[in-house]
There are 2 protein chains.
Amino acid sequence: MGKKGTETRVRILEATQELVETAGYAGAGLNQVIAASGAPRGSLYFHFPDGKDQLIGESIRRAGQAIDAAVEELAASGASAAEFVEGVLRLLGDRLEESGWRKGCPVATVALEMAAASEPLQQACSDVYASWEAALRRRLGGRPDADDLAVTILALIEGALLLAKAHRSREPLDRVSGRLAALLS
Amino acid sequence: MGKKGTETRVRILEATQELVETAGYAGAGLNQVIAASGAPRGSLYFHFPDGKDQLIGESIRRAGQAIDAAVEELAASGASAAEFVEGVLRLLGDRLEESGWRKGCPVATVALEMAAASEPLQQACSDVYASWEAALRRRLGGRPDADDLAVTILALIEGALLLAKAHRSREPLDRVSGRLAALLS
DNA sequence: AAAAATATGTAGACCGATCTATTAAGGAGT
DNA sequence: ACTCCTTAATAGATCGGTCTACATATTTTT
């Protein structure tokens, strides 16, 4: 794959990521992707011959990895487990607010839309969540209840992010932050 | 409003509720609503002259009240706070699994899709969440940290429901259930 | 009570816009 | 010269929404 080709491919993926996170699978049109990325229609189908499903599937996995990397970085520095999770909530809250309440969880909307529709996309979302859960479990390693706790923390983060987006306010994130100590005691 | 008219209005709302919960705002087409409800196009626009936004707004609020009523019923019977929340999780888990992983939170998908789009719909979702939060706060009444706790429990429920739908499995709900005691201690 | 008049609701054809996807041809890079 | 990639026209389906004609209740008038 040539240099130019790879660049457009990435531009298309980035535009898709952005649009899907804002409007979901059905709400993000390929025409919008084309307009936002600057790539023409034919290029889209050259790089993603299987169409919208392939495009969004790849963009979901890509977004998942980006969050994964950011969390992994936080995991290395944080002191206590509670401080680490607080850091994640702060990071996601910043991202959400700075984007004008558009960028919450890049997977959630598609996961909800596609749970009963496209098998491959449902799988992509499931995989991303599993990978985040694994990252949390590693960070909480050692505890006897690390499995339950990792799922619970992930649910708490996702739920708080959902409420924050719905209310257009950081308050849910902050309030949840304050209850972490009890959960991780 | 005559009897017949009210009946079709309700049939339309019920069909909308079902479709929106499965596919979201953009994914639920009015043609599908018409087909599922059996009502003709003209009736839809007679009962909901402001179109799709009005239709989905009303259906969201309606669905919110239904969940509210179910939770209120549970609140009366449950013994401890933890047992009460466990009951809610069991109820929602049953609903989700029995529907073939289609019916999770009737508000979440639209809330995520519309946070940065339609103001009235964003408000509708925000209101429904606020009313659920108030119901939880009432049930937890007395505790000094009831405010924080209500938001945290709601986030936990929403997050667990999201993960359960994404993975098509009750496991997240069950694991979260097991950690409630620590949170509510 | 019968008839006329007025709401109330149903029915579906139709509109322009937009959707995803395909196609055949040509330009750019190596 | 040959592959990689872009370009834009186009297809066919579906989208939300409007419109007119019709049927069915409900009330008003005689």
Side-chain angles (χ1 to χ4, degrees), chain A residues 1-20 22-60 109-110 113-114 117-122 124, chain B residues 1-20 22-60 109-110 113-114 117-122 124:
Chain A
M1 173 133 27
K3 191 180 160 204
K4 179 90 176 292
T6 311
E7 274 173 9
T8 22
R9 192 175 207 279
V10 169
R11 280 208 335 269
I12 292 175
L13 278 173
E14 283 170 350
T16 304
Q17 216 169 296
E18 174 103 13
L19 286 164
V20 166
T22 304
Y25 177 98
L30 295 190
N31 289 327
Q32 291 175 277
V33 172
I34 286 163
S37 68
R41 186 165 226 80
S43 301
L44 196 159
Y45 280 96
F46 175 81
H47 291 290
F48 306 93
D50 290 342
K52 193 177 187 179
D53 276 35
Q54 181 190 359
L55 174 61
I56 293 195
E58 286 196 31
S59 94
I60 291 265
T109 316
V110 178
E113 283 180 285
M114 291 301 154
S118 158
E119 197 77 32
L121 280 178
Q122 182 267 335
Chain B
M1 172 138 22
K3 190 183 163 203
K4 179 93 174 293
T6 311
E7 274 174 10
T8 34
R9 192 174 207 280
V10 170
R11 281 210 332 271
I12 292 175
L13 277 174
E14 283 170 349
T16 304
Q17 216 169 297
E18 174 103 14
L19 285 164
V20 166
T22 303
Y25 177 97
L30 296 190
N31 289 327
Q32 290 175 278
V33 172
I34 286 163
S37 69
R41 209 171 193 71
S43 300
L44 196 158
Y45 278 95
F46 174 81
H47 292 289
F48 307 91
D50 289 343
K52 193 175 187 180
D53 277 35
Q54 182 190 359
L55 174 60
I56 293 194
E58 286 196 31
S59 93
I60 291 263
T109 316
V110 178
E113 282 180 286
M114 291 301 154
S118 159
E119 197 77 32
L121 281 178
Q122 183 266 334

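The chains referred to below are lettered A, B, ... by the order of the sequence lines, with proteins before strands, and numbering in each begins at 1. Every heavy atom of this structure was used, including side-chain atoms; hydrogens, water molecules and symmetry mates were not.
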query: Got A:Q54 and A:P49 here, is their nearest side-chain heavy-atom distance under 4.5 Å?
result: yes
query: To the nearest Å, how far apart are A:I34 CD1 and C:dT22 P?
result: 13 Å
query: If only atom types and distance count, is the side chain of B:E113 paired as donor or acceptor with the main-chain N or O of A:G24 below 3.5 Å?
result: no
- request: Only one of A:I56, A:L55, A:D50 passes side chain to side chain contact (heavy atoms under 4.5 Å, CB included) with A:K52; say which it is.
  value: A:I56
- prompt: What's the CD-P distance between B:E7 and C:dT8, to the nearest Å?
  reply: 18 Å
query: Base, sugar-phosphate alone, or nothing: which one does B:G29 contact when heavy atoms must sit under 4.0 Å apart?
result: sugar-phosphate
- prompt: Quick one: B:K52 NZ to D:dG16 C1', roughly how many Å, whole number?
  reply: 8 Å
message: Considering every strand and a 4.0 Å limit on heavy-atom distances, what is the contact class for B:A28: base, sugar-phosphate, or nothing?
response: sugar-phosphate
- prompt: When the distance from CD1 of B:I12 to C1' of C:dG9 is rounded to whole Å, what number comes out?
  reply: 11 Å
- prompt: Which heavy atom of B:L30 sits nearest a heavy atom of B:Y45, and at what distance?
  reply: CD1-OH, 3.3 Å
- prompt: From D:dT6, D:dG17, C:dT18, pick the nucleotide closest to the side chain of A:H47?
  reply: D:dT6
statement: Here the distance between atom P of C:dC19 and atom CG of B:N31, to the nearest Å, is 16 Å
query: Of the candidate nucleotides C:dA11, D:dG16, D:dA9, which contains the atom at the shortest distance from the side chain of A:R41?
result: D:dA9
- request: Name the residue closer to the 5' end of DNA chain C, choosing between B:S43 and A:G51 according to the nucleotide with the nearest heavy atom.
  value: B:S43
query: Taking the side chain of A:F46 as heavy atoms from C-beta outward, which of D:dG16, D:dC15, D:dC5 is closest to it?
result: D:dC5
- prompt: Among C:dT10, D:dT7, D:dG17, which nucleotide sits nearest the side chain of B:T8?
  reply: C:dT10
- prompt: For the pair made of CG in B:L30 and P in C:dA11, what is the distance, rounded to whole Å?
  reply: 17 Å
query: How close or far is atom P of D:dG16 from atom CD of B:Q54, stated in whole angstroms?
result: 15 Å
- request: Write down the distance between CZ (A:F48) and P (C:dA21), rounded to a whole number of angstrom.
  value: 13 Å
field: Heavy-atom side-chain contact between B:L13 and B:F48 under 4.5 Å
entry: yes
